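Given the structure is predicted, the values throughout are model-derived calculations rather than measurements. Along the sequence shown, the residues carry numbers beginning at 1.
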Amino acid sequence: MSIGAKPHDAALLHVSGRAQYTDDLPESAGTLHLAFGLATIAHGRFTELDLSRVNAAHGVVRVLTARDIPGTNDGGAVAHDEPVLSEGDIKFHGQPLFAVIADTHLNARKAARLADVTYTEKPAILTMDQAIADAELLEDPIVYKTGDAKVAINAATRHLAGQVEMGGQEHFYLEGHAAYALPQENGDMLVHCSTQHPTEIQHKVAESLNLPFNAVRVETRRMGGGFGGKESQPNHLAIICAVAAHHTGRPCKLRYDRDDDFVLTGKRHDFRVNYEVGFDTDGRIQGVVMDHHIRCGWTQDLSLAIADRALLHSDNAYHLPAVHLTSYRYRTNMVSATAFRGFGGPQGMFAIERIIEDIARHLDCDPMDVRRVNFYQNGQKTHYGMTIEDSVLDQLCAALVETSDYQKRRAQIETENKQNAILKRGIALTPVKFGISFTLTQLNQAGALVHIYADGSVHLNHGGTEMGQGLYIKVAQVAAKEFGIPLEQIKISAADTAKVPNTSATAASSGSDMNGMAVKAACQTIKDRLADLLRTEWGCSAAPVFDGGMVRAGDQDISFADLAGLAWSKRISLSSTGFYATPKIEWDRFKGRGRPFYYFAYGAACSEVVVDTLTGEYKILRTDILHDVGNSLNPAIDIGQIEGGFVQGAGWLTTEELVWDDQARLRTHAPSTYKIPACSDRPDIFKVTLYDNENKEETIYRSKAVGEPPFMLGISVLSALSHAIGKPLDAPATFERVLMTYEGA
């Protein structure tokens with residue numbers, strides 16, 4: 001049983017426009033505004049940086065260069081390879097060279113364009129072909145293998161080889177990046193920031209100012225979307241605002257305009273995957289070799305972990321008895337690619353799904369038949385040595401085949417496509433198996449702070465951030481259930497490094513899992529104190545029951561509010577921290593062995609499309625989804641996440657195309673040139689059902705993560721398009737690409 005389908009805690013604020021984001025916070029008197037001055041070449045050095053016209057521009061208070069940063073000039077999330085302001089070297093078109101501090105946002109932006117810069121250019125590495133031929137690797141190639149894949153392929157009765165291409169993706173959160181730094185007493189700094197990782201902002205700001213971590217406080221009430229794009233990318237804004245506030249003694253704010261946001265922030269990594277596969281006449285895979293080629297951009301950012309997760313999800317739902325995977329991570333002269341919903345998992349999954357369909361096309365059979373014979377069975381091991389113990393793929397997919405009427409519809413489509421020369425339909429049912437946990441073990445921890453006030457109202461803090469996904473309402477529901485009180489008695493407050501320290505990013509779909517358990521632990525500590533109090537007061541040994549706003553022990557009861565007041569009068573602490581560390585995780589990324597995930601989330605989607613073969617235009621007609629969220633904490637929130645994840649995943653693979661010109665300038669830098677799915681792009685018929693399945697592992701009330709796994713359900717749309725035109729499609733499958741592929745261009 002779930003703990004309740006409750007609306008988002010800020011739903012009314014969202015729809016009425018009253019929800020406050022970073023840029024909506026009331027500005028303190030004397031607030032200044034910043035803008036970056038950007039490089040206009042992709043690779044080289046600036047030999048002269050004349051800022052005289054910038055300094056003289058209307059409203060300018062000061063201009064900052066790298067030498068003005070008191071501490072470390074670095075915004076890198078992992079490696080210290082990402083200067084906030086260039087010290088001479090230029091690594092991508094749009095790299096920040098200086099920062100303008102002015103009286104208004106507009107004056108700062110205007111002044112930032114007035115610099116006179118002299119460059120010495122070098123050849124830039126931009127395309128995937130250039131990267132493979134000439135690029136520097138971020139690290140030596142990483143290899144994961146089990147068995148002897150080459151021998152298995154050679155011994156198989158059937159063989160195929162091919163190449164899969166998939167593009168990147170812009171996050172396109174509704175709220176762009178913003179940071180606001182307010183200087184405090186004794187050189188301390190308060191930073192409001194639209195970030196998924198307040199602790200990392202705290203650390204990077206402290207390092208830039210040569211301060212201890214305790215001198216920097218970071219607060220984030222909410223974001224207007226994140227999708228991974230606010231995990232490491234906010235660092236630069238927060239750092240430069242804090243440095244500006246340090247120098248001027250005045251509050252300083254930086255908000256990217258949408259075009260700047262596109263140019264300055266990282267995207268999903270684009271991949272090229274070359275493969276060889278051996279299989280039998282039933283389509284059962286005997287061995288597979290895959291080489292992942294990945295454009296990572298000018299710095300490391302989070303690329304190593306993302307590329308690792310792509311390797312870990314190269315099996316998706318399928319047992320691969322012999323595997324040899326090699327991952328090449330290239331440094332290129334583009335903005336650094338970064339975290340994006342799925343964190344490399346979608347790229348790994350898309351490649352194996354393409355291989356499955358290539359096998360089916362070779363055998364002239366339904367891809368679902370190939371999928372079935374390769375599904376994991378419990379007890380089998382993954383290519384990284386983790387035993388599958390919780391698979392529901394057979395049952396879940398069989399249920400969706402039946403409820404979506406997949407087989408009958410596919411047969412009808414095959415018949416009708418032979419009779420219609422122009423409009424072609426396609427259908428596909430694709431599965432998802434997605435591992436839940438950070439692959440960097442130390443990140444699998446969370447903290448919480450819970451207060452009960454003397455009137456029985458509760459104040460709640462935890463280390464997670466709210467980006468619209470409903471984390472706060474879910475965790476508040478946990479506290480309400482533990483104390484047996486109405487949700488209205490719980491006050492949800494901002495993520496704050498002064499209240500919950502050393503937090504991990506709200507990422508890896510682990511927000512509810514970890515923060516829910518941390519809050520539960522804090523509540524349990526307080527409940528134990530209250531139980532001791534009742535034993536003392538009532539002489540009752542029975543464990544109290546917290547329910548319906550009352551607390552019962554034996555044959556006596558008391559309201560929760562009265563018990564809180566009694567505890568206060570008896571000097572019993574009504575405040576506690578809580579902590580949770582995910583168990584069972586053990587991972588060696590260099591050996592490619594261990595248990596990187598606590599559990600797996602499963603799902604499947606069946607999508608039907610229609611394609612106009614004269615223009616390449618297409619439409620999603622129907623999508624049926626059956627998704628496993630375990631014992632759902634909040635079915636309403638979970639269904640919303642599944643719907644949104646599916647649409648965003650379909651957008652990545654279809655309409656969303658990033659284009660750079662030969663000078664490395666991003667040409668798709670606004671809604672006018674970059675096409676995210678609109679309401680009209682959703683399926684005409686859209687059915688989402690939660691699969692009835694309790695989590696095998698001891699997560700919060702046996703629920704499962706829901707943030708990232710639904711994203712990969714969008715693969716069903718591209719697979720359906722490929723079925724419609726009878727040919728494999730690379731991504732993004734824009735109208736133009738569909739037309740050219742169909743016509744053989």
Inset, instruction - Measure the spacing between OG of Ser86 and CD of Gln95 and express it to the nearest 0.5 Å. - result: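 So the gap between those two atoms works out to 5.0 Å.
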Legend entry - Separation between CG of Leu97 and CG of Leu38, rounded to the nearest 0.5 Å: 7.0 Å
Which pairs, with at least one residue in [range] and sequence neighbours excluded, count as a salt bridge (Lys or Arg N to Asp or Glu O under 4.0 Å)?
range: residues 17-40; result: Asp23-Lys253, Asp23-Arg255, Glu27-Lys253
range: residues 494-507; result: Arg217-Asp496
range: residues 190-204; result: Asp74-Lys204, Lys204-Glu207

Legend entry - Side chain proximity check, Ser303 to His269, heavy atoms < 4.5 angstrom: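 Touching, per the 4.5 Å side-chain cut-off.
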Legend entry - Qualifying residues under ring pair (Phe, Tyr, Trp, His ring centres under 6.0 Å), relative to Phe438, sequence neighbours excluded: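 With neighbours one apart ignored, the set is empty.
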Inset, instruction - Verify side-chain hydrogen bond (donor to acceptor under 3.5 Å, both in side chains) between Asp308 and Thr439, making sure each step is shown before the conclusion. - result: CA-CA 9 Å; Asp308 286 354; Thr439 51; 5.7 Å; no
Inset, instruction - Please list all pairs passing the ring-ring contact (aromatic ring centres under 6.0 Å, His included) test where one or both residues lie in residues 633-656, with sequence neighbours left out. - result: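 Pairs touching residues 633-656 that pass the test: Phe646-Phe686, Trp652-Phe711.
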Inset, instruction - List for me each residue that meets salt bridge (charged side-chain N to carboxylate O under 4.0 Å, His left out) alongside Arg737, sequence neighbours excluded, and say none if there are none. - result: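 So Arg737 forms no salt bridge (charged side-chain N to carboxylate O under 4.0 Å, His left out) with any residue.
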Inset, instruction - Answer with yes or no after comparing the ring centroid distance for Tyr256 and Phe262 against a 6.0 Å cut-off, counting only values under it. - result: no
Inset, instruction - Tell me yes or no: between the side chains of Thr220 and Thr465, is some donor less than 3.5 Å from an acceptor? - result: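 Not at all, the side chains of Thr220 and Thr465 share no donor-acceptor pair under 3.5 Å.
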Legend entry - Side-chain donor-acceptor contact under 3.5 Å, Ser194 with Lys230: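 Looking only at side-chain atoms, Lys230 and Ser194 do form a donor-acceptor pair, the distance falling under 3.5 Å.
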Inset, instruction - List the steps, then state whether side-chain hydrogen bond (donor to acceptor under 3.5 Å, both in side chains) holds for Thr668 with Thr673. - result: CA-CA 5 Å; Thr668 49; Thr673 51; 5.5 Å; no
Legend entry - Derivation and outcome, side-chain hydrogen bond (donor to acceptor under 3.5 Å, both in side chains), residues Gln233 and Asp301: CA-CA 9 Å; Gln233 301 297 288; Asp301 195 80; 3.2 Å; yes
Legend entry - Check: Gln300 main-chain N/O paired with Asp81 side-chain donor or acceptor under 3.5 Å: yes
